[in-house]
Structure formats: structure tokens, C-alpha cells
Novice: 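Mind looking over this structure? Questions follow.
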Amino acid sequence: MDRASFYEQVYQVVALIPRGRVTSYGAIAHYLGAKNASRMVGYAMHDAVKAHPPIPAHRVVNRNGLLTGKFHFASPTQMQERLESEGIKVNEDKIINFKNVFWNPMEELDLEK
DNA sequence: ATGTTGACTTGGA
DNA sequence: GTCCAAGCCAACA
């Protein structure tokens, strides 16, 4: 992880998000050790589209479970459509049962770390 | 090298 | 419960 840039680290974690689950920028940032660099996580997603293994950026939302970055996708609706396609209910750009589908990298990946 | 920006978070009123 | 302000880190120009 040391050689990988912050962006790559973010990609790795996001790529590990199980299908049907979502996580928050802060959770990823915190997992990477920079809990206050949550902005960077979102900013890293900016390059997600050109990241080689297309990362499920639609599974990353803010702490409110709101699809803040949906507008950055190819189509604003694509993010919601994809989430629903995975079984995640979305209403008014926010995830329903966010707590329920929330995926905490620190708890799920802590063992491998 | 400095300054601006950003798909965020938290805390206080 | 909502709204405003400050913080913090990394990439980019």
C-alpha cells in the first residue's frame, strides 16, 4: 500500500465493497489512516472512471447515504439505477436502510490488514 | 513553491 | 430536527 498513491488505495478499498453494500467516504478515509481526508476519497473517485478496473463508485456515498456524486457519473440516474440493480433501495437520491447496507471496511477488512 | 479546489465530516447554534 | 462554519489532506495549475 505504501507504493500505491492515495488514489490507488481508495480504488482498492472501493473495489472490495461487496455487491449490495455501500460505504462512506469517511469510512474509507479512516481505514486508510486519514479519517479527515474524506474529501480526498471523493476526489479520488474523480479518476475512478479512468481507473483500470472500473470501480463501483456508485457504492460510495456520503455519511448521509446521499448520492452526492451521482452527477459525476455518465448519467445522474446511472448511480441510482445501479444501486437498485444490486438490491439497494434508493429514494430521492438517498439510500434507504443505509445503516443496514453500510459496509465498514475497518470491520470487514481489519483481519487482512 | 504557493494557492485553489473538492463525489466530506463534525461540532456548535 | 435543520443550518452555518471550520478543519483537513492530496492533487492540480
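Remember, predicted model here, so these are calculated numbers, not experimental data.
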Novice: Rounded off to whole Å, could you give me the NE2-to-P distance for the A/H46 and B/dC8 pair?
Specialist: 11 Å
Novice: Hey, does the side chain of A/R21 reach the backbone of A/W103 with a donor-acceptor pair shorter than 3.5 angstrom?
Specialist: no
Novice: Could you tell me the separation between the CZ atom of A/F6 and the P atom of B/dT5, rounded to a whole number of Å?
Specialist: 21 Å
Novice: Within the side chain of A/S75, is there an N or O that forms a donor-acceptor pair under 3.5 Å with the backbone of A/Q78?
Specialist: no
Novice: Heavy atoms, side chains only, cut-off 4.5 Å: are A/L83 and A/V22 in contact?
Specialist: yes
Novice: Find the runs of at least 3 consecutive base pairs, i with j, i+1 with j-1 and so on, that include DNA chain C, using Watson-Crick or G-U wobble geometry with both distances under 3.5 Å.
Specialist: B:2-6 with C:9-13, B:8-13 with C:2-7
Novice: Below 4.0 Å from chain A heavy atoms, what is the first contacting nucleotide of DNA chain C and what is the last?
Specialist: C/dG7 to C/dA11
Novice: A/E84 and A/Q80: side-chain donor and acceptor closer than 3.5 Å?
Specialist: yes
Novice: Quick one: does A/D93's side chain get under 4.5 Å of A/K70's, heavy atoms only?
Specialist: yes
Novice: Would you tabulate the nitrogen or oxygen pairs shorter than 3.5 Å linking the protein to nucleotides 11-13 of chain B?
Specialist:
none

Novice: What contact category does A/A57 fall into here, base, sugar-phosphate, or nothing, at under 4.0 angstrom with non-hydrogen atoms?
Specialist: base
Novice: Rounded to whole Å, please give me the gap between CG in A/N62 and C1' in B/dT10.
Specialist: 13 Å
Novice: Verify the distance criterion only: is there a donor paired with an acceptor across the side chains of A/E86 and A/H58 at less than 3.5 Å?
Specialist: yes
Novice: Whole Å only: how far is the CE atom of A/M45 from the P atom of B/dA7?
Specialist: 12 Å
Novice: How are the rings of A/F102 and A/F98 set to each other: parallel, tilted or perpendicular (split at 30° and 60°)?
Specialist: perpendicular
Novice: With a 4.5 Å cut-off on side-chain heavy atoms, are A/Y25 and A/R63 touching?
Specialist: no
Novice: I'd like to know if A/V90 and A/M45 are part of one continuous hydrophobic network [Ile/Leu/Val/Met/Phe/Trp/Tyr, side-chain heavy atoms within less than 4.5 Å].
Specialist: no
Novice: Just to be sure I understand the rule, does A/F73 reach a base, reach only the sugar-phosphate, or reach nothing, if contact means heavy atoms closer than 4.0 Å?
Specialist: base
Novice: Which value, rounded to the nearest 0.5 Å, describes the distance between A/E81 atom CD and A/F73 atom CZ?
Specialist: 12.5 Å
Novice: Please state how far atom CD1 in A/I17 lies from atom P in B/dA7, giving the value in whole angstrom units.
Specialist: 18 Å
Novice: Could you check whether any side-chain N or O of A/N64 sits under 3.5 Å from a backbone N or O of A/L66, counting only pairs where one atom can act as donor and the other as acceptor?
Specialist: no
